[in-house]
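See structure below.
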Amino acid sequence: MNRTRELSGQLSAATGDMPTYQIRAPTAALPRGVVMAASPGSLHSPQQLAEEATRKRELRLMKNREAAKECRRRKKEYVKCLESRVAMLEVQNKKLIEELETLKDICSPKTD
């Protein structure tokens, strides 16, 4: 078998053609669970290809919905965090303004 492959390759190289190989049938059964691969278009009918395309599209849409849902959840969490920070800063700002007013009252000369 190897000798045939070598001769075919040498002959093909001399003529410029692609090498040809002999394919022999397996002598023993394949182990359980092993599937032989074939070319993508050889086993599928147009209906099967359409069903496969539909399945892939539905899977893509489902993943997109999940990603959008997660994005909305993260955005909501981010906005809550910002709102909390704004509330905290408003309280802090109010305290600082009150402190400033108190210090102005203490430091400013009384004109009575």
Side-chain donor/acceptor of Thr54 to backbone N/O of Ala50, under 3.5 Å = yes

Look up atom [atom1] in [X] and atom [atom2] in [Y], then write down how far apart they are to the nearest 0.5 Å.
{"X": "Glu58", "Y": "Arg60", "atom1": "CD", "atom2": "CZ", "value": "10.5 Å"}
{"X": "Glu66", "Y": "Lys69", "atom1": "CD", "atom2": "NZ", "value": "5.5 Å"}
{"X": "Ile106", "Y": "Thr102", "atom1": "CD1", "atom2": "OG1", "value": "6.5 Å"}
{"X": "Leu59", "Y": "Asn64", "atom1": "CG", "atom2": "CG", "value": "11.0 Å"}
{"X": "Asn93", "Y": "Glu98", "atom1": "CG", "atom2": "CD", "value": "10.5 Å"}
{"X": "Glu99", "Y": "Leu103", "atom1": "CD", "atom2": "CG", "value": "5.5 Å"}

Is it true that Lys94 and Glu90 have a side-chain N and a carboxylate O under 4.0 angstrom from each other?
-> no

Sorted by chain and number, sequence neighbours left out, side-chain contact (heavy atoms from CB on, under 4.5 Å) with Gln47 holds for Ser45, Glu51

